[in-house]
Every structure is written in structure tokens, then in C-alpha cells.
Amino acid sequence: MSTPLFATRLDFAEIDSTNRFARRWVELPSFSWGDLPALIVAQRQNAGEGRQGKCWHSPEGCLMFSVVFSREATQIPLPKTPLVGLATALAIVDWVRFWLPEPLASKFGIHWPNDVYFLAETGKFQKLSGILVESLASGILVTGVGINLHNSVRQAPDFLRSTLVTLADLAPEVGNAHSRETFLETFLEIWWQRIGEIRSDEKKLIQEIDALCTQKNCHVTLHTPRGAVTGFCRGLASDGAILLDGKPYYCGESSEESKKNPSTAQVDRGIGEPMN
């Protein structure tokens, strides 16, 4: 699967959120399937929600966008939808490795189900990126991505600063040397290849994600709609579910405490988070 030529691209200086706009846009009478795939890009998001209604601080300098595409065109069946978020997270790690030198590039991991973290020298994980995938009843998928790019943690509220990392802060010689558009173009090429692997090489895709799982070999508490579940995480099942004490779970927000992952992430935090 090659990089798509977007039928529609919409750019905004400021918007409530790219995902929220996408949901409104596909309901307009003027919308047609020929408008897909579509790319919606914002320089700033001012009012929105992430997963489970969380609010996000999204200053200018973040890379914030949503890709809108049809499930039929990508041949991704409904049960495989969670893999879109995981494949996107893996694409972000690939993208980081494209731009950053070692040893920095090898310090990024995937926090199931939808974040990319950096392992700081303090031993704590800091959030680089978040993902929000929405599956609409019409058969449309909206994948929102937020990456801390040109912004700085100094722009964040005090209580968030220790939990975040940005590319510009981490490697200013890279983060400040290229435009948002250059970073976006390289990411989209990598992302589309990973999305194609959901259909063409799912086993390999999940193995790579599992190898990067930050919760693996940790005692994890998963906050699910049915309540909290605690267990030892062995990584991911063959279908992308997280395994706690050998039992697969398909949704929830996790927190973990162990020697490997000393940070606690009971509440997702981030600059540049894609908004609902």
C-alpha cells in the first residue's frame, strides 16, 4: 500500500479539534465519499476532549492532524479497528527513529493502547504523542494524532511538565531544523505503510508493537468500564489485546508501578493530544 494522495486537505490556524471537525464534516450534505481520504491539519486546538472525555492542552508548535478514510478502501474490518491506533503508535516510533540518532531513538516505547513515551534519564516515562481513533457508523475511520514537535514543555502547565517531552526540547538540532510540513510528510508515508500491514502482515506488526510495549513485565492496573483489574502484564496477545495474568483485555486506561516503569500513568497527560 503506497502513500495516499489525499482527495481533500483542510488546514486551520485554530480549531476546536481536528477529530471533532472531521465528525461534523462527514455529516454535511455536501460531503461525498469522493472527498476521501482526507487530511485535516491544525496549528492550534482550543477546546476538545481526548479519550474518555479528557481535556488536552494543545499549544502552537504541536503537530496535530486527523486522517479520515473509509474502512472499505483500506480493507480493515471492524474487529481490527483497535489495531489502527497501535499501528499508528508504531509508525510514530518509526518516525522518531528516522529523525533522531541513537541512543535517543531507542528510548521510545508504546504505552498501550494509544500513547508513545520516552524513557528519560530519571527512569520515568514522558509522553511524546497521543492517538485517538474513532470508528463511525458510516464506515469511516478518523485517526487523530498529536505529536509534541516544535513546542516546549515550558509552555505546559506546571503540573504537566515532568510528564512530557517534545522533539524540540529533546533534540533541538533536529526538532527546530525542519518545518512541520516536512515532519508531517515523512510521518504520513511511514504511517500508511504500517496501516497496510494490518491487512498484509498483522502477525509481524503485533510482534513489533509487543516488543515496544512499556507495560510489559510490569504489574499493571487497568481501569475498564467494568472496574479496575490488576495483574502482571506479559505484553500483547496475537490480536493486540493487553495480557494481564494471561487474560486479554481490549479497552481501558492503565497505570503501572515497577522497577522497569517507575512512573504512574493513571491519568493520560499531554501537549498536542488529538482531541475528541
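Below, each value reflects all heavy atoms present in this structure, side chains not excepted, and no hydrogens, waters or symmetry copies. Computed from a prediction, not measured in an experiment: that's the story for all the values here.
- In terms of the side-chain hydrogen bond (donor to acceptor under 3.5 Å, both in side chains) criterion, S138 has no residue partners (sequence neighbours excluded).
- In this structure, R24 places its CZ atom where more than 12 heavy-atom neighbours from other residues, nucleotides or ligands lie under 6.0 Å away.
- Residues that satisfy the ring pair (Phe, Tyr, Trp, His ring centres under 6.0 Å) test with F232, not counting sequence neighbours, are H219.
- A241 approaches P248 most closely through the heavy-atom pair CB-CB, 3.8 Å.
- A search for side-chain hydrogen bond (donor to acceptor under 3.5 Å, both in side chains) contacts involving E121 returns nothing, not counting sequence neighbours.
- In terms of the side-chain hydrogen bond (donor to acceptor under 3.5 Å, both in side chains) criterion, S238 has no residue partners (sequence neighbours excluded).
- Classification of the F183-H178 ring pair by plane angle, with boundaries at 30° and 60°, yields perpendicular.
- Residues G144 and N19 come closest through the heavy atom pair CA-OD1, 3.1 Å.
- Under the ring pair (Phe, Tyr, Trp, His ring centres under 6.0 Å) criterion, F98 pairs with no residue, sequence neighbours left out.
- F69 is not connected to L78 by any chain of hydrophobic side-chain contacts under 4.5 Å among Ile, Leu, Val, Met, Phe, Trp and Tyr, and they are in different clusters.
- Applying the side-chain hydrogen bond (donor to acceptor under 3.5 Å, both in side chains) test to residues at least two apart or on different chains, the pairs with a partner in residues 78-100 are R71-T81, K80-E202, T88-W191, D94-R194, W95-T186, W99-T186.
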Take W25 and F31 through the side chain to side chain contact (heavy atoms under 4.5 Å, CB included) test and state the conclusion after the steps. CA-CA 7 Å; W25 178 62; F31 170 78; 3.9 Å; yes
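- With hydrogens and angles disregarded, a donor-acceptor distance shorter than 3.5 Å links the side chain of N148 to the backbone of L128.
- One hydrophobic cluster holds both V165 and L100 under the rule that ILVMFWY side chains link at heavy-atom gaps under 4.5 Å.
- For the pair N176 (side chain) and E173 (backbone), a donor-acceptor distance under 3.5 Å is absent.
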